[in-house]
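Working notes, beginning with the structure itself.
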Amino acid sequence: MRNPKIADAFDELATLYELDGANRYRVLAYREAARVIRDCPQSVAELAGEGRATELAGIGETLQTKILALIEAGEIPASAKLKEKLPASLVEITQIPGLGAKTVRKMYDELGISSLEELRIAASEQRLRGVKGLGAKLEENVLASLERIEAEGHERRRLLSEAREVAEQLLTALRAHPASGEVEIAGSVRRWAETCKDIDIVATATDPEALSAALLEHELAEEQRSSGGGGASIRTFNDIKVDLRIVPPEEYGSLLQHFTGSKEHNVALRERAQRMGLSVSEHGITETETGVVHACRSEAEVYRRLGLMLVPPELRQGGNELELAAERELPRLVEVGEIRGDLHCHTTLSDGQNSLEEMLGAARRRGYLYLAVTDHSASHGFGNDVPAGALLDRLAEVRELDTATRGIKLLAGSEVNVMPNGSLDYEDEVLAELDWVIASVHTSFQIGAERMSERIVRAIEHPLVDCIGHPTGRLLLKRAPYELALEPIFEAAAANGTMIEINSNPRRRDLNEGNARLAAAAGVQLVINTDAHKVATLDNMQYGVATARRAGLGPQQIANTRTWRQFAGLRKRI
DNA sequence: GCCGTTTTCGGCCCGACTGTTTTCAGTCG
């Protein structure tokens, strides 16, 4: 059983307990456990089988027993028992914004509401206001939420790239406004998370009303949600919610820290503060004993007062970053400016939109020292296949262009398909002519973890394969990774000197941060590539670098921060 | 239910907002 399924079961159990009126800290414990299980890079089912799930923070003997029961019986006995008492469909009602377990339980006890449809009818018949504490406004909100849920399914997340585009435009506009002081993006966008729900911006201003107005009047704003001296809120034309919060300069650091999150990071930060006799909020740091409040102008001050190094936003994940910050051992993270070359891109030869010359010119303008052009291979579908003959023609073209170009080395490469049995779709004699070979899986995703891992390991062991492309095949918000075991893959890659890619396409981010961290720890050389299909998407490098930063990786762990000469020294073939 | 610079019991992050109240519980980020 995979981790997300176990995590979902505990989330459901947490809500059931909450509906049952259990101790809130017990509920919290189940929710925390669900999060830990979801984020765990190893199979929690296997850990529990070995009696080692208790090594995870937040999982004790009781939860381990429940995990084993879940795997054995398909359901946690405690959940089954609660579902005899309460309809399981109440859980789904708590998903509606504004309706927590307490309210849902009350509506069930007093009105017998146990499904979304019953809720809709009761709200439209204005029967909810008969319950003490519920009123007309709630009925209105419930109906609006139900309508939205019907229209767009559950709450819509979007790719970071989509939100960043909007966030950066707004940031530029707000910073240019005469009333603005400090302006910064906060939230998941600032942490470079894979997906996000909304955009948070925090600011100081000489005239807060005027700065709020600037957001409301921005050309991207479709709906003005609210406004005032404390900030403003809009919805953009592409339906992204944006919150601007404005505070006095002396509280700016505290506010920025607070709204950058993550939630898990802030919880850990506050727990640490409490042990020091301090209390952290978005207004400042309070000495519990004296009540003295220290408002913080900068984020650095927030962390300094807690005895910590400034934690880069990408690392604020609620992992071990605070311990590292306390020991002054936070890693020095790789930066976009340190990337010296891109080793995965496409041209019009396969499915790209720009020519070889155009891609080379763009790479050169970026200041790269090398570029590998890696069009798809012989068996690639969609009419974008490149027969061996065409590849050899391209090779000659690359050699000629490389000789004629100063300042950047152009490499002849290919992104070859790894067939289901692990073989490649060009003959070795053809591959041997190339400077750089990426092997990727593009077909037959459903062959099971074991066969998929063997397939990729075989490609890794091929002497002419330099690198594995987008290793897990996931597409964010679209397609789950295919089933595979990464441990043997990382082990084989380290042993064979085959590099592994962090694909920077914002829909891929593959490897993801957790797996990139594990790969680096296993001694694998990582390469950050864009997989660009046109000149503009060479800019996606920032997303791959963000994933590496979130994995805590520095330039020494990323092979393409090297010059080409240094890079060549890391390769298995010279 | 978990966990230990509070160490096997007694705590467990904080404040704003909303809608409903007339002093606050519930929800959310």
Side-chain angles (χ1 to χ4, degrees), chain A residues 10 13-37 53-67 76 78 93-107 128-142 144-145 155 186-188 191 193 196-200 202 225-226 228 230-231 233 241 243 245 247 251 254-255 257-286 288 293 302 306-307 316 318 322-323 326:
Chain A
F10 280 115
L13 180 55
T15 306
L16 285 167
Y17 269 132
E18 211 176 0
L19 287 163
D20 195 40
N23 177 299
R24 56 189 287 242
Y25 293 109
R26 184 203 246 184
V27 173
L28 207 64
Y30 279 108
R31 293 220 187 283
E32 174 63 13
R35 183 184 79 87
V36 168
I37 291 166
T54 52
E55 291 172 16
L56 299 170
I59 304 215
E61 290 296 339
T62 309
L63 265 86
Q64 175 157 276
T65 308
K66 286 186 156 72
I67 294 169
I76 303 171
I93 303 181
T94 63
Q95 305 298 315
I96 293 180
L99 295 189
K102 295 247 168 64
T103 310
V104 170
R105 181 59 195 265
K106 206 150 59 170
M107 295 190 308
L128 298 185
R129 63 186 68 178
V131 180
K132 187 162 185 290
L134 311 187
K137 191 73 190 173
L138 184 93
E139 287 168 348
E140 206 176 293
N141 289 344
V142 162
S145 294
E155 198 156 16
S188 50
R191 301 195 312 276
C196 39
K197 245 169 35 189
D198 50 21
I199 296 171
D200 288 305
V202 303
R225 293 165 54 93
S226 58
S233 183
K241 184 169 158 281
D243 286 318
R245 291 182 180 79
V247 281
E251 289 185 8
S254 288
L255 188 81
Q257 194 288 319
H258 177 81
F259 280 104
T260 296
S262 66
K263 194 174 145 205
E264 292 77 12
H265 175 82
N266 285 353
V267 167
L269 195 77
R270 286 171 181 164
E271 282 171 355
R272 180 187 162 82
Q274 221 182 33
R275 288 196 295 274
M276 299 169 69
L278 300 170
S279 167
V280 177
S281 83
E282 60 264 52
H283 303 297
I285 299 177
T286 309
T288 317
V293 182
V302 176
L306 299 172
R316 300 183 197 172
L322 292 185
E323 288 148 51

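In the text below, chain A, chain B and the rest are named by the order of the sequence lines, each starting its count at 1. Because the structure is predicted, anything quoted here is derived from the model rather than measured.
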### Task
Tell me the partner of B/dG1, counting only Watson-Crick (N1-N3 plus N6-O4 or O6-N4) or G-U wobble (N1-O2 and O6-N3) with both under 3.5 Å; none if nothing fits.
B/dC12
### Spacing of A/Leu128 atom CG relative to B/dG26 atom P, expressed in whole Å
17 Å
### Distance, rounded to the nearest Å, where A/Asn23 contributes CG and B/dC9 contributes C1'
14 Å
### Query
Nearest to the side chain of A/Tyr25 - B/dG29, B/dA16, B/dC12?
B/dC12
### Message
Does a side-chain N or O of A/Ser279 approach OP1 or OP2 of B/dC14 to a distance below 4.0 Å, or not?
### Response
yes
### Task
Decide yes or no for A/Val267 and A/Glu32: does some side-chain heavy atom of the first lie under 4.5 Å from some side-chain heavy atom of the second?
no
### Message
Using the P atom as the point on both nucleotides, what is the distance between B/dT23 and B/dC13, in whole Å?
### Response
30 Å
### Summary
What one should report as the nearest heavy-atom pair of A/Cys196 and A/Ser188 is CB-OG, 2.9 Å
### Query
How far does the C1' atom of B/dT6 sit from the matching atom of B/dC12, given to the nearest Å?
12 Å
### Message
If you only use heavy atoms from C-beta on, which nucleotide in B/dC13, B/dC28, B/dC2 is closest to the side chain of A/Val267?
### Response
B/dC13
#### Entry: 5'-most by nearest nucleotide on DNA chain B - A/Glu282 or A/Arg245
A/Glu282
### First of A/Thr54 and A/Glu139 reached from the 5' end of DNA chain B, by closest nucleotide
A/Thr54
#### Entry: A/Tyr30 side-chain N/O to B/dG1 phosphate OP1/OP2 under 4.0 Å
yes
### Query
For the side chain of A/Lys102, counting heavy atoms from C-beta on, which of B/dC14, B/dG26, B/dC13 is nearest?
B/dG26
### Task
Scan A/Ala33 against the nucleic acid and name what it touches under 4.0 Å (heavy atoms): base, sugar-phosphate only, or nothing.
nothing
### Message
Restricting to non-hydrogen atoms, name the atom on A/Ile67 and the atom on A/Ala53 that form the minimum distance, rounded to 0.1 Å.
### Response
CD1-CB, 4.4 Å
#### Entry: 4.5 Å side-chain heavy-atom contact, A/Arg272 and A/Leu278
no
### Task
Calculate the interatomic distance between A/Glu61 atom CD and B/dC3 atom C1'; express it in whole Å.
13 Å
### Query
Can you find a side chain N or O atom of A/Arg270 that sits less than 4.0 Å from OP1 or OP2 on B/dC13?
no
### Query
Across the strands shown, which category fits A/Ala268 at heavy-atom distances under 4.0 angstrom: base, sugar-phosphate, nothing?
nothing
### Task
Would you indicate, yes or no, if B/dT18 has its OP1 or OP2 atom less than 4.0 angstrom from a side-chain nitrogen or oxygen of A/Asn141?
no
## Note on the structure
A/Glu264 CD to B/dC13 C1', in whole Å, measures 13 Å
### Query
Counting any heavy atom closer than 4.0 Å, what does A/Val27 reach on the DNA or RNA strands: base, sugar-phosphate only, or nothing?
nothing
### Message
Looking at B/dC14, I'd like to know if its phosphate oxygens (OP1 or OP2) sit under 4.0 Å from a side-chain N or O belonging to A/Gln274.
### Response
yes
### Task
Enter the distance from A/Thr103:OG1 to A/Ile96:CD1 here, rounded to the nearest 0.5 Å.
11.5 Å
### Query
Base, sugar-phosphate, or nothing for A/Leu269, non-hydrogen atoms under 4.0 angstrom?
nothing
### Task
Take atom C1' in B/dG26 and the same atom in B/dT20, then report the distance between them in whole Å.
11 Å
### Task
To the nearest Å, give me how far apart CG (A/Asp200) and P (B/dA16) are.
16 Å
### Message
Rounding to an integer number of Å, can you tell me how far A/Arg272 CZ sits from B/dG4 P?
### Response
15 Å
### Message
Heavy atoms from C-beta onward define the side chain here; which of B/dT6, B/dG19, B/dG29 lies closest to that of A/Lys137?
### Response
B/dG19
### Message
I want to check one thing: is the phosphate of B/dC13, taken as OP1 and OP2, less than 4.0 Å away from some side-chain N or O of A/His258?
### Response
no
#### Entry: Nucleotide nearest A/Leu138 when distance is taken to its side chain, options B/dG1, B/dG15, B/dT20
B/dT20
### Task
May I ask you to evaluate whether A/Thr62 reaches the phosphate of B/dC2, defined as a side-chain N or O under 4.0 Å from OP1 or OP2?
yes
### Message
With rounding to the closest Å, how many angstrom separate the C1' atoms on B/dG1 and B/dT8?
### Response
14 Å
### Message
Taking 4.0 Å as the cut-off, does a side-chain nitrogen or oxygen of A/Thr103 come that near to OP1 or OP2 on B/dT27?
### Response
yes
### Query
Starting at CZ of A/Arg105 and ending at P of B/dA25, how long is that distance when rounded to a whole Å?
20 Å
### Task
Describe the nucleic acid contact of A/Ala22 in one word from base, sugar-phosphate, nothing, applying a heavy-atom distance below 4.0 Å.
nothing
### Task
Figure out the NZ/C1' separation between A/Lys106 and B/dC24, and round it to whole Å.
12 Å
### Query
Can you tell if the side chain of A/Phe259 reaches within under 4.5 Å of the side chain of A/Asp243, non-hydrogen atoms only?
no
### Matching residue for A/Tyr30 among A/Lys66, A/Glu18, A/Arg35 - test: side chain to side chain contact (heavy atoms under 4.5 Å, CB included)
A/Lys66
